[in-house]
Undergrad: 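Just passing along the structure, written as structure tokens.
Remember, it's 1-based here, ligands and their atoms both numbered in the order they're listed. This one's a predicted model, so the numbers in the text were calculated from it and none came from an experiment.
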Amino acid sequence: MMTAVEANCDGLVGPTHSFAGLAPGNLASEIHKGEPSNPRGAAVEGLSKMRRLSDLGLPQFVLPPHERPDVSFLRALGFGGTDAAVIEAAGRTAPELLNTACSASPMWAANAATVTPSADAADGRVHFTPANLLTNLHRSLEGEQTARALRTLFPDETKFAVHDPLPAQPHFADEGAANHVRLCAEHGEAGVNLFVWGRDAWEAWSGRFPARQTRQAFEAVQRRHGAGGAVFARQARRAIEAGVFHNDVVCVGAKQCLFFHEAAFEDRAAVEADIRAAASREGAGFEPVFVEVAEADLPLAEAVKSYLFNSMLVSLPGEARLTLIAPMEVAETPRAHAVAQGLVGGNGPIGRVEYVDVRQSMRNGGGPACLRLRVVLTEDELAAANPGQRFNPALQQRLEAWAGSRYRDRLLPADLADPALLVESRTALDELTQILALGSDFYPFQR
Ligand code: SUG
């Protein structure tokens, strides 16, 4: 067994962060459609959360925003002329497409990829499959650049395998780690990989909202990665109908503990039995602990509204019990708050709750857990990551100053048609490639 740590790679919010209501079935995104956003404030909130986790003793990395507006996407749809002309014409004749091309959605790094740590992978490398995110048009623009970003952060192919996204067909609709949970005795030991899917690609889907993850996508990811201890579970249809567009809206896990809402899975008893069986196999050998919240204590609608389960659940150095890093909104939702207090008061696996303010992201349906991609790394693997992206207080200061001078603090969806925003964004991202040591050809506009 090798010792390993769980690093967090957070998506830095980009300069075009806006509330355009692009994600059906994501209730927060629908509710806040059309409101003014604050890209600068959103970036600062994200950096403060990174600081908190880094101060708590966990390795933290920064994943860069993608180039937005995505002018090449608009060009592929027939808009032509100069970049400014493309933006102007799209804004005038097809504002939905311009909004799509401007989404800052790569900030939600839990959707960047599914990760298999080396302890679980057949070939002993850390595996990543960038999510194709093809259920939502704005998110389907992310996969290729995410692959580039992960190869930049984890360049050593003897240690890391960054695959291409799965084929871009609805059969393989994939939303990454937001629907995956890893349980284990210790991070460096073999674990259980819970893959939660919303629909089977071979059956008809006619829900009120889309089911974004197919079973076939996760089966392919598991095969590619050679991921051991695999358990496949169906998300409850009722949960999807209630606005659970990713399983991480009602479920989070760490070490031996799975913390989830009663309504998360179609067949809860089967999920628990399968996890128990996978956890007891040779090499893993641990007893899972299920912390389930009953509908009577927290109705599903309040779980979705408060985002209690979209907390980060972390094992901190020197602490026997886990810490839940929850969004402020939990403290403001009486029943969710009572559940959180109850966890800490008992003698279960979760010993502490801390709150973070990520309200700008929350208004688009992205809580603390959405903003981070967890990557379990051995010491050697950690040392092989791009040091320029390793978070520390000096980098925080630099990035805050950068966002302070380059980002707007108010943006309405209509402002996305301002060609000056394109110039501002590219100027900002060009500087960022230097700050994070990403190379001089990281973004399409630099090539
Ligand atoms: O895919 N919101 C994102 C939120 C992703 C949250 N991630 C996790 N649960 N892991 C989504 O629905 C809204 C963008 C807009 O409406 O402009 C958006 O894409």
Undergrad: Supply the atom-to-atom distance Arg234 CZ to Asp267 CG, rounded to the nearest 0.5 angstrom.
TA: 11.5 Å

Undergrad: Taking CZ in Arg410 as the centre, count heavy atoms belonging to other residues, nucleotides or ligands within less than 6.0 Å. Is the count above 12?
TA: no

Undergrad: To which protein heavy atom is atom 6 (C) of ligand 1 closest, and what is the distance rounded to 0.1 Å?
TA: Cys370 SG, 3.2 Å

Undergrad: Any idea which atoms of ligand 1 are less than 4.0 Å away from a heavy-atom of Ala178?
TA: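 Counting atoms of ligand 1 from 1, those under 4.0 Å from Ala178 are 10 (N).
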
Undergrad: Atom 15 (C) of ligand 1: which of Thr135, Leu371, Asn364, Asn247 has the nearest heavy atom?
TA: Asn364

Undergrad: Under 4.0 Å from ligand 1, counting heavy atoms only, is it the side chain of Asn111, its backbone, both or neither?
TA: side chain

Undergrad: Just go through Arg363, His17, Arg212, Glu175 and tell me whose heavy atom is the nearest to atom 1 (O) of ligand 1.
TA: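 Residue with the shortest heavy-atom distance to the ligand atom: Arg212.
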
Undergrad: Just need the protein heavy atom nearest to atom 5 (C) of ligand 1, so name the residue and atom and give the distance.
TA: Arg139 NH1, 3.5 Å

Undergrad: Under the salt bridge (charged side-chain N to carboxylate O under 4.0 Å, His left out) criterion, do Glu332 and Arg359 qualify, and how do the steps go?
TA: CA-CA 12 Å; Glu332 296 160 2; Arg359 287 186 203 277; 2.7 Å; yes

Undergrad: Looking only at protein heavy atoms, identify the closest one to atom 19 (O) of ligand 1 and say how far it is in Å.
TA: His138 NE2, 2.6 Å

Undergrad: Please list, in number order, the atoms of ligand 1 under 4.0 Å from a heavy atom of Gly21.
TA: 15 (C), 16 (O), 17 (O)

Undergrad: Aromatic ring centroids of His17 and Phe19 under 6.0 Å?
TA: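 Between His17 and Phe19, the centre distance is under 6.0 Å.
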
Undergrad: Which is it for Asn26 and ligand 1 at heavy atoms under 4.0 Å: side chain, backbone, both or neither?
TA: side chain

